[in-house]
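Each chain gets a letter, A, B and so on, in the order its sequence line appears, and its residues count up from 1.
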Amino acid sequence: MIQEIQIYNTLTRKKEVFEPLVPGKVGLYVCGPTVYGPPHLGHARSAITFDLIFRFLKQIGYKVRYVRNITDVGHLVADSDDGEDKIEVQAKLDELEPMEVVQKYTNLFHQAMEMLNVQPPSIEPRASGHIIEQIEEVKKILNSGYAYESNGSVYFDVEKFASENEYGKLSGRKIEDQISYTRTLDGQDEKRSALDFALWKKASPEHLMRWPSPWSEGFPGWHLECTAMSCKYLGETFDIHGGGMDLTFPHHEAEMAQAQAAHGKQAVRYWMHNNMITLNGQKMGKSLGNAISLEELFSGNHPLLEKAYSPMTIRFFMFQAHYRSTLDFSNEALQASEKGLERLMKATARIESLPVSENSSVNIAELSANCFTAMADDMNSPIAIAYLFEGVKIINSVADGNSSITLEDRIQLNSLFHSFVFDILGLKSEDQAGSGSSVVLNEVVALLMKLRAEAKASKDWATSDKIRNELSAIGFDIKDGKEGVSWELKK
RNA sequence: GGUUCCUUGGCCGAGUGGUUAGGCAGCGGUCUGCAAAACCGUGUACGGCGGUUCGAAUCCGCCAGGAACCUCCA
């Protein structure tokens, strides 16, 4: 029996008990990055959020097919209303082939994801590889009567659809409000209404990315790829669709309408949206020019960064806030997370060497239940982490002889921490130089520790402190504990 | 202008009608030759003003400030 979980459904605006379409299996689709620029903190939040969901669902026993697309075609440019393809503009600037740009940023995205220990999705389809499927979707929508062709382009008829179906429910919008507040876009005169959106767009002569279709040489509309690819890999109806909150409208609203028009039924059962990262209280975004790239974050090479932050620090930082809350970025907050993470990882490594007793003065079963209950409540990772820190207290307290633990409890505690820290939260140890990676280094330091111990034995504090201080200056932390001396490389 | 949401102690950040969130920083102590680490103890916070209630940070109203979406965006 799989643990019951609740997830917040954007569609109904409340937490619901999650019931998969097929018992024991979950179909999860998440909007992936548009690969026209370097990956930034915002991409990381979405990827990390749904990585957590992917991992947790698997941990509690579900078989999950996780599809996350790469958008490599078809979006407009930020400050240009001329309908040029976003990727194409960047290509001209870089004097590269569009697909070369796409490849470059896809590779960078994958590298960053690996560093963040984000598991690859089960399937990672590309929009440009599914043009045929998208054309088929356009045909279906035309057949159902909710689209019309105009001058080689095909548009979705929002007003007609809205008169017979629900439109605007996901984003909480009323169609009447929308009509009065729209801006002028290219091709507006081709549309029956400003609300209509393109399913297929005829390419202008200078447009490089183009494919043949029954209507014109052109490219698919902005929202179509997710409908086509989710349907292909997960079916006409599937369990969870995720993405950033900023995609709720118009992207996901359009997807809902398209899928309904094409297949005659709702595609998505649970919509999940992660909130934004803010910087000085404002959304961090590519178009606002205040996005910090992951490369800058990892290297510390950015005017707003006091230092470099490791991928695991970023990951842990994000889990200390709930995924539906905005998360404000600051050096102080990241440094707090860095230290907290270090404490958590150190305690995790200590569990196996804890002394065992006849009786436990601590309740591990309750701790474990609390951690899983927190996660089952709409992925409340901050609460789960708070309980893990209770576990840290227990571990350190047992190590210091202030609490006792039985062997069975120690095994359970170890299993809990390994499940949560490594499998669910997906954290990993980041020892630079890696203990054990250099046997020689270990032996050299061990030799110095031996010399220092001898100096200490003869109360030659000057020598012992000299060894410690100079090692410290090189980058080692030397700690005198009850069980002997230990050392590690500083962060 | 429309829609939605937020405001928690020095910082970050959970919670949502009565009971300690947690992390980081700070303070006091234990341990130590000293230091670090660890441990123990420590802070009565919920934007303002009203209302509902035996009781509100938590529900309602008003006000102030902020954000997101309405245009590509995680």
Side-chain angles (χ1 to χ4, degrees), chain A residues 13 30-34 36-37 39-50 71 74-81 85-86 168 171-174 176-178 180-185 222 242-251 253 273-278 281-288 291 316-317 320-322 324-344 346-347 350 374 380-390 392-393 395-397 399-403 456 459-461 464-465 468-469 472 477-482 486 488:
Chain A
R13 284 161 209 284
V30 174
C31 290
T34 304
Y36 71 111
H40 59 78
L41 208 48
H43 294 117
R45 185 162 201 200
S46 176
I48 287 172
T49 294
F50 289 100
T71 295
H75 286 274
L76 293 171
V77 178
D79 19 317
S80 164
D81 285 347
D85 194 291
K86 198 187 252 179
S171 55
R173 263 156 244 268
K174 293 190 181 70
E176 310 86 71
D177 299 334
Q178 295 299 304
S180 58
Y181 193 84
T182 45
R183 66 166 189 166
T184 312
L185 276 167
W222 320 327
M245 254 179 204
D246 49 354
L247 296 177
T248 311
F249 191 91
H251 185 57
E253 198 73 67
H273 291 98
N274 64 276
N275 215 316
M276 304 289 103
I277 301 266
T278 59
Q282 198 190 29
K283 175 181 158 181
M284 185 181 285
K286 169 91 180 161
S287 56
L288 295 166
F316 188 66
F317 172 63
Q320 282 190 298
H322 186 82
R324 282 190 288 112
S325 299
T326 54
L327 176 56
D328 199 50
F329 168 90
S330 70
N331 283 287
E332 215 176 350
L334 275 171
Q335 282 165 31
S337 286
E338 185 176 54
K339 287 184 182 166
L341 173 63
E342 198 183 337
R343 203 155 85 87
L344 177 65
K346 278 185 184 165
R350 282 181 105 169
N380 202 326
S381 56
I383 295 286
I385 288 171
Y387 283 120
L388 288 180
F389 275 108
E390 271 189 20
V392 169
K393 262 193 170 173
I395 293 162
N396 289 330
S397 169
D400 271 27
N402 294 322
S403 301
K456 283 176 74 173
K459 296 200 192 298
D460 181 1
W461 308 127
S464 79
D465 285 355
R468 183 178 66 195
N469 293 341
S472 176
D477 269 331
I478 307 303
K479 289 178 280 199
D480 294 337
K482 277 177 189 156
S486 64
E488 65 186 14

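Put simply, A:Asn402 has no side-chain N or O that comes within less than 4.0 Å of OP1 or OP2 on B:C39. Contact between the side-chain N/O atoms of A:Arg343 and the OP1/OP2 oxygens of B:C39 is found at a separation under 4.0 Å. Within the 4.0 Å cut-off from OP1 or OP2 of B:C24, not a single side-chain nitrogen or oxygen of A:Ser337 is found.
Rounded to a whole angstrom, the distance from the C1' atom of B:G22 to that of B:G43 is 15 Å. Annotation: B:G48 and B:A57 have their C1' atoms spaced 14 Å apart (nearest Å). Rounded to a whole angstrom, the distance from the C1' atom of B:G10 to that of B:C70 is 38 Å. As rounded to the nearest Å, B:C6 and B:C60 have P atoms that lie 11 Å from one another. Distance noted for atom C1' between B:G26 and B:C62: 39 Å (whole Å). Taking atom P in both B:U58 and B:A21, the straight-line distance is 16 Å, to the nearest Å.
In this structure a side-chain-to-backbone donor-acceptor pair under 3.5 Å is present from A:Thr248 to A:Met245.
Across all strands shown, B:U30 forms a Watson-Crick or G-U wobble pair, both distances under 3.5 Å, with B:A38. Pair check for B:U3 finds B:A68; Watson-Crick or G-U wobble, both atom distances under 3.5 Å. In this structure, B:G61 forms a base pair with B:C49, meeting either the Watson-Crick or the G-U wobble geometry with both donor-acceptor distances under 3.5 Å.
Every residue two or more places apart in sequence or in another chain that forms a salt bridge (charged side-chain N to carboxylate O under 4.0 Å, His left out) with A:Lys346 is listed here: A:Glu342, A:Glu488.
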### Task
Scan nucleotides 4-10 of chain B nucleotide by nucleotide, 5' to 3', and note B when protein non-hydrogen atoms come under 4.0 Å of the base, S if they reach only the sugar-phosphate, - if neither.
-------
Name the pairs: protein N/O against N/O of nucleotides 43-48 of chain B, kept only if under 3.5 Å.
none

